[in-house]
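Read the structure below first, then the notes.
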Amino acid sequence: MLTIENLNAGYGDFQALFDVSLELAEGETLAIIGSNGAGKSTLLRSLAGLIRNPAHSIRFDGEAIGALPANQVVARGIALVPEGRRLFPSLSVEENLMIGAYGGHKEAWSLERIYGLFPVLEKLRRRPSTALSGGQQQMVAIGRALMSSPRLLLCDEISLGLAPTTIKDIYAALPSIKADGTAVILVEQDINQALSVADRFYCLQEGRVSLSGRPGEANKEQIKAAYFGLVEA
Ligand SMILES: Nc1ncnc2c1ncn2[C@@H]1O[C@H](COP(=O)(O)OP(=O)(O)OP(=O)(O)O)[C@@H](O)[C@H]1O
Ligand SMILES: [Mg+2]
């Protein structure tokens with residue numbers, strides 16, 4: 001469904017990704033792991049159309065989408081849960097969710113379905129998003145992305161800064177999200193969290209893919225080396 005080929009992305013003169021290539025099949029869950037500054041968010045921003053790239057460096061359903069702006073990427077079925085949630089503070093929970101529906105490509109997800117996935121949000125629907133806990137805000141950010149009914153959901157560090165029980169609640173939603181064939185790319189610094197739910201993983205180190213495979217195939221030492229750049233003795 002998704003192919004990234006030799007992606008070299010960055011910010012002006014600064015190059016953050018070097019020849020990154022990656023493939024994702026329909027319904028698959030990928031983990032992207034890597035330390036601070038490895039390029040994980042840059043990769044997701046490129047996929048979401050927030051960084052423009054050569055058209056053919058990213059293909060989705062056979063179409064070259066690398067140069068499309070974000071709104072056209074959403075319309076094709078790719079939605080981003082951005083790092084740091086980025087909710088609209090002056091809007092209520094429900095208004096934040098409704099914004100996600102704008103420009104989506106079909107109507108598989110509704111407010112009712114989001115509230116079914118995260119029941120606590122229904123009780124808080126009229127509250128300003130700023131009145132919510134970090135975990136609840138993260139649920140709104142995920143719900144907002146789902147409201148565009150994506151076929152590929154991109155999640156940037158959805159567990160960062162949250163308590164373990166809250167992380168568990170959020171990850172418990174994943175099977176329902178995947179149930180209708182939605183593919184997911186999870187960016188996490190927490191290796192164990194990401195690998196426990198992923199079909200495959202890619203590790204980024206200083207903007208390059210340093211390791212990829214299935215979670216069961218790689219041992220801890222290999223992953224540590226790919227993650228931190230340590231050379232095995
Ligand atoms: N807006 C920007 N302008 C210039 N450089 C940037 C910008 N955003 C990120 N960078 C740089 O690009 C590189 C990759 O950053 P990126 O945010 O993709 O890393 P990351 O893997 O998501 O890190 P983290 O785990 O800290 O979120 C870093 O060197 C970073 O300093
Ligand atoms: Mg990041």
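Every heavy atom of this structure was used, including side-chain atoms; hydrogens, water molecules and symmetry mates were not. Read the numbers this way: they start at 1 and go in the same order the structure lists the ligands and their atoms.
- Where the criterion is an N or O separation shorter than 3.5 Å, residue side chain and backbone included, Phe14 fails it with respect to ligand 1.
- A salt bridge links Arg151 and Glu26; the closest N-O separation between the charged side-chain nitrogens and carboxylate oxygens is under 4.0 Å.
- When all heavy atoms are compared, the tightest approach of Ala48 to Val73 is O-CB, 3.8 Å.
- Nearest protein neighbour of atom 16 (P) of ligand 1, counting heavy atoms only, is Thr42 OG1, 3.6 Å.
- Of all non-hydrogen atoms in Ala67 and Arg52, the two that sit nearest each other are O-NE, 2.8 Å.
- Open room surrounds CZ on Arg127; 12 or fewer heavy atoms of other groups in view lie less than 6.0 Å from it.
- Note on Arg85 versus Asp156: no salt bridge recorded, every NZ/NE/NH1/NH2 to OD/OE distance being 4.0 Å or above.
- Angle OE1(Glu83) to the Mg ion (ligand 2) to OG(Ser41), rounded to 10°: 70°.
- Of the heavy atoms in Ala16, only side-chain atoms (C-beta onward) come closer than 4.0 Å to ligand 1.
- Contact annotation for atom 31 (O) of ligand 1: protein absent (non-hydrogen atoms, distance under 4.0 Å).
- Side-chain atoms of Ser159 and Glu188 include a donor-acceptor pair closer than 3.5 Å.
- In this structure, Ser35 is part of the shell of residues with a heavy atom less than 4.0 angstrom from ligand 1.
- Below 3.5 Å of separation, one finds no N or O of Gly34 facing any N or O of ligand 1.
- Taking atom 25 (O) of ligand 1 as the reference point, the nearest protein heavy-atom neighbour is Lys40 NZ, 2.7 Å.
- Heavy atoms of other residues, nucleotides or ligands lying less than 6.0 angstrom from CD of Glu23 number 12 at most.
- For atom 10 (N) of ligand 1, the closest non-hydrogen atom of the protein is Tyr11 CE1, 3.5 Å.
- Residue Glu157 approaches ligand 1 through these ligand atoms, each under 4.0 Å from one of its heavy atoms: 24 (P), 25 (O), 27 (O).
- If you check which protein heavy atom lies closest to atom 23 (O) of ligand 1, you get Gly37 N, 2.8 Å.
- Listed by number with element, the atoms of ligand 1 under 4.0 angstrom from any heavy atom of Ser41 are 17 (O), 18 (O), 20 (P), 22 (O), 27 (O).
- No donor-acceptor contact under 3.5 angstrom links the side chains of Ser210 and Tyr227, judged on distance only.
- Ion pairing between Arg76 and Asp61 fails under the 4.0 Å rule for side-chain N and carboxylate O.
- Scanning the protein for heavy atoms near atom 27 (O) of ligand 1, the closest one is Glu83 OE2, 2.6 Å.
- In terms of protein heavy-atom proximity, atom 26 (O) of ligand 1 is closest to Asn36 OD1, 3.0 Å.
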